[in-house]
A.B. asks: 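Dropping a structure here in structure tokens format, bear with me for questions.
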There are 2 protein chains.
Amino acid sequence: MSTPAEDDLLLERQLCFALTVASRSVVGIYKPVLERMGLTHPQYLVMLALWERSPRTLKDISDALLHEPATLSPILRRLEEAGLLTRERVPGNERALAVTLTEAGAALREQATAVPGTIMERLGLSREEVAELHAAMTGLIAATQRPAPATLPG
Amino acid sequence: MSTPAEDDLLLERQLCFALTVASRSVVGIYKPVLERMGLTHPQYLVMLALWERSPRTLKDISDALLHEPATLSPILRRLEEAGLLTRERVPGNERALAVTLTEAGAALREQATAVPGTIMERLGLSREEVAELHAAMTGLIAATQRPAPATLPG
DNA sequence: CACTAATTATTAGTGCACTAACAATTAGTG
DNA sequence: CACTAATTGTTAGTGCACTAATAATTAGTG
């Protein structure tokens with residue numbers, strides 16, 4: 001027999017609880033490391049996207065980070081205030097916003113190269129263990145994006 | 001040779017990115033389910049803690065949920081406004097806040113028993129797969145709470 | 001060209017999570 | 001008892017994330 005559904009409401013058994021705690025805890029590990037670069041964690045993710053390609057439109061960054069443009073707007077505004085990027089309309093399509101790294105923004109990548117190693121060491125995880133956890137998360141994300149199973153007719 | 005550290009800054013390889021997306025995505029799955037009960041996800045976690053034991057002090061709930069009391073205060077205030085719990089000082093220790101389920105709060109557990117099954121079905125995950133993911137998250141949380149390795153003298 | 005629809009960003013409002021500062025009570029010490 | 005320290009909560013302020021509403025531009029249609 002399987003585990004009784006009786007205990008399904010125990011806090012310590014909730015995946016959603018473990019997941020939110022893990023997310024907050026891991027981001028908390030990044031915090032002191034990123035602070036030296038003057039970045040918050042969401043700002044760091046935006047910079048990662050721009051270090052891969054610049055300029056990019058807000059829409060493009062929004063798709064890459066799986067964030068609403070409304071969430072990214074204030075983050076980009078702060079990064080612009082910090083002098084790491086510029087925001088200007090795309091010539092020929094005034095609806096789109098072109099986000100471009102400044103020299104300072106591009107230069108910050110140097111410091112960032114040390115971050116992943118620092119975090120792995122801090123967590124005491126090997127590259128392989130990180131890859132396994134990453135794969136597990138990717139699978140879970142895929143599960144959330146699958147269409148909901150059809151409900152039985154009531 | 002191991003994977004070159006050159007690509008360590010690729011967004012798609014970041015565990016922290018996958019983790020925050022997974023957390024948001026899973027909580028997003030809960031949202032419509034909990035909305036029918038009038039709860040947000042953090043409120044749901046507080047209710048889970050109280051369904052296990054009531055009354056509990058704020059400090060006790062804070063320890064169980066790994067949340068600062070400052071984070072829980074406004075959540076508890078809203079749950080009190082919703083009539084699901086009461087907040088009063090502990091007789092004999094005026095510093096502590098006793099949080100107690102009301103009848104309505106206790107009764108809400110009936111509806112909640114269906115939640116875990118609904119979510120598992122929605123995610124298309126078996127009880128075993130959920131348990132595996134939960135164990136992975138628990139291990140990751142433990143990693144964040146271990147003391148940082150000693151830094152080499154520079 | 002005029003009208004409509006779609007795309008793209010921004011702003012306002014709600015709620016969570018954190019730190020820092022503050023207030024209040026309780027416990028410990030001489 | 002008076003003084004100090006520790007415990008416990010609350011409030012203020014910053015920032016993230018979402019939805020809804022709005023605005024502006026662009027594309028499509030007759």
Side-chain angles (χ1 to χ4, degrees), chain A residues 16-17 19-32 34-35 38-47 55-82 87-99 144, chain B residues 16-17 19-32 34-35 38-47 55-82 87-99 144:
Chain A
C16 65
F17 175 52
L19 193 54
T20 55
V21 171
S23 178
R24 276 191 288 123
S25 301
V26 169
V27 169
I29 295 292
Y30 276 83
K31 190 171 185 190
L34 296 179
E35 247 167 15
L39 297 176
T40 64
H41 189 260
Q43 289 172 356
Y44 174 65
L45 295 182
V46 169
M47 294 303 289
R56 299 179 77 160
T57 64
L58 171 54
K59 171 69 172 158
D60 185 37
I61 300 171
S62 161
D63 289 341
L65 296 183
L66 298 174
H67 267 142
E68 298 299 317
T71 300
L72 293 174
S73 277
I75 298 178
L76 291 172
R77 178 175 52 73
R78 292 191 183 98
L79 289 173
E80 184 180 44
E81 287 168 5
R87 300 151 73 223
E88 40 194 359
R89 293 293 161 179
V90 174
N93 187 350
E94 294 287 323
R95 291 172 305 180
L97 187 75
V99 179
T144 64
Chain B
C16 65
F17 174 51
L19 193 53
T20 54
V21 172
S23 178
R24 275 191 288 121
S25 301
V26 169
V27 169
I29 295 292
Y30 276 84
K31 189 170 185 193
L34 297 180
E35 247 168 15
L39 296 176
T40 65
H41 188 260
Q43 289 172 356
Y44 173 64
L45 295 182
V46 169
M47 294 303 290
R56 300 179 77 160
T57 65
L58 171 54
K59 171 69 171 157
D60 183 39
I61 299 171
S62 161
D63 289 342
L65 296 183
L66 298 174
H67 267 141
E68 298 299 318
T71 300
L72 293 174
S73 277
I75 299 177
L76 291 172
R77 178 175 52 72
R78 293 191 182 96
L79 288 173
E80 184 180 43
E81 286 168 6
R87 300 151 74 223
E88 41 195 359
R89 294 292 159 179
V90 174
N93 187 350
E94 293 289 321
R95 292 172 304 180
L97 187 75
V99 179
T144 65

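Labels below follow one simple rule: chain letters A, B, ... track the order of the sequence lines, proteins then strands, and each chain is numbered from 1. Excluded from the calculations below are hydrogen atoms, water molecules and symmetry mates; all remaining heavy atoms, backbone and side chain alike, are included. Computed from a predicted structure; not experimentally measured.
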A.B. asks: Report the distance from atom CG of A:L34 to atom P of D:dG15, rounded to the nearest whole Å.
C.D. replies: 15 Å

A.B. asks: Can you tell me which nucleotide in C:dT10, D:dC16, C:dA20 comes closest to the side chain of B:A70?
C.D. replies: C:dA20

A.B. asks: Between B:R87 and D:dT8, does any side-chain N or O lie under 4.0 Å from OP1 or OP2?
C.D. replies: no

A.B. asks: How long is the line joining CZ of B:R95 and C1' of D:dG9, in whole Å?
C.D. replies: 11 Å

A.B. asks: With sugar-phosphate meaning primed atoms plus P, OP1 and OP2, does B:R89 contact a base, only sugar-phosphate, or nothing at under 4.0 Å between heavy atoms?
C.D. replies: sugar-phosphate

A.B. asks: Please give me the minimum heavy-atom distance between B:C16 and A:H41, naming the atom from each residue.
C.D. replies: SG-NE2, 3.1 Å

A.B. asks: With side chains defined as the heavy atoms from C-beta onward, is the minimum distance between B:V99 and B:R56 less than 4.5 Å?
C.D. replies: no

A.B. asks: What's the CG-C1' distance between A:L72 and C:dA9, to the nearest Å?
C.D. replies: 11 Å

A.B. asks: Can you tell me if A:S25 uses its side chain to pair, donor with acceptor, with the backbone of A:V21 under 3.5 Å?
C.D. replies: yes

A.B. asks: Assign each of A:V90 and B:T57 to its nearest nucleotide of DNA chain D by heavy atoms, then name whichever residue's nucleotide is nearer the 5' end.
C.D. replies: B:T57

A.B. asks: Once you apply a heavy-atom cut-off of 4.0 Å, does A:H67 come out as touching a base, just sugar-phosphate, or nothing?
C.D. replies: sugar-phosphate

A.B. asks: Examine C:dA9: is either OP1 or OP2 under 4.0 Å from a nitrogen or oxygen in the side chain of A:S73? Give yes or no.
C.D. replies: no

A.B. asks: Determine whether B:T20 and A:V26 make a side-chain contact, defined as any pair of heavy atoms from C-beta on separated by less than 4.5 Å.
C.D. replies: no

A.B. asks: Please pick, from C:dT19, C:dT10, C:dA17, the nucleotide with the shortest atom-to-atom distance to any side-chain atom of A:L58.
C.D. replies: C:dT10

A.B. asks: D:dA27 pairs with which nucleotide, Watson-Crick or G-U wobble, both distances below 3.5 Å?
C.D. replies: C:dT4

A.B. asks: With respect to the phosphate group of C:dC16, does any side-chain polar atom (N or O) of B:T71 fall under 4.0 Å of OP1 or OP2?
C.D. replies: no

A.B. asks: Write down the distance between CG (A:L97) and C1' (D:dT25), rounded to a whole number of angstrom.
C.D. replies: 14 Å

A.B. asks: Rounded to whole angstrom units, what separation is found between the CZ atom of B:R77 and the C1' atom of D:dA12?
C.D. replies: 13 Å

A.B. asks: If I take atom NZ in residue B:K31 and atom P in nucleotide D:dC18, what distance separates them, rounded to the nearest angstrom?
C.D. replies: 9 Å

A.B. asks: Assign each of A:T20 and B:N93 to its nearest nucleotide of DNA chain C by heavy atoms, then name whichever residue's nucleotide is nearer the 5' end.
C.D. replies: A:T20

A.B. asks: Between P on D:dT14 and CD on B:E68, what's the gap in Å once rounded to a whole number?
C.D. replies: 19 Å

A.B. asks: Are side-chain heavy atoms of B:D63 and B:K59 found at a separation under 4.5 Å?
C.D. replies: yes

A.B. asks: B:D60 CG to D:dT7 P: how many Å, rounded?
C.D. replies: 16 Å

A.B. asks: How would you label the contact of B:T40 with the nucleic acid (heavy atoms, under 4.0 Å): base, sugar-phosphate, or nothing?
C.D. replies: sugar-phosphate

A.B. asks: Can you identify which nucleotide, out of C:dT8, D:dG9, D:dA17, has its nearest atom closest to the A:I75 side chain?
C.D. replies: D:dA17

A.B. asks: Does A:Q43 place a side-chain N or O at less than 4.0 Å from the phosphate oxygens OP1/OP2 of D:dG15?
C.D. replies: no

A.B. asks: Given side chains that start at C-beta, do those of A:R89 and A:L97 come closer than 4.5 Å, heavy atoms only?
C.D. replies: yes

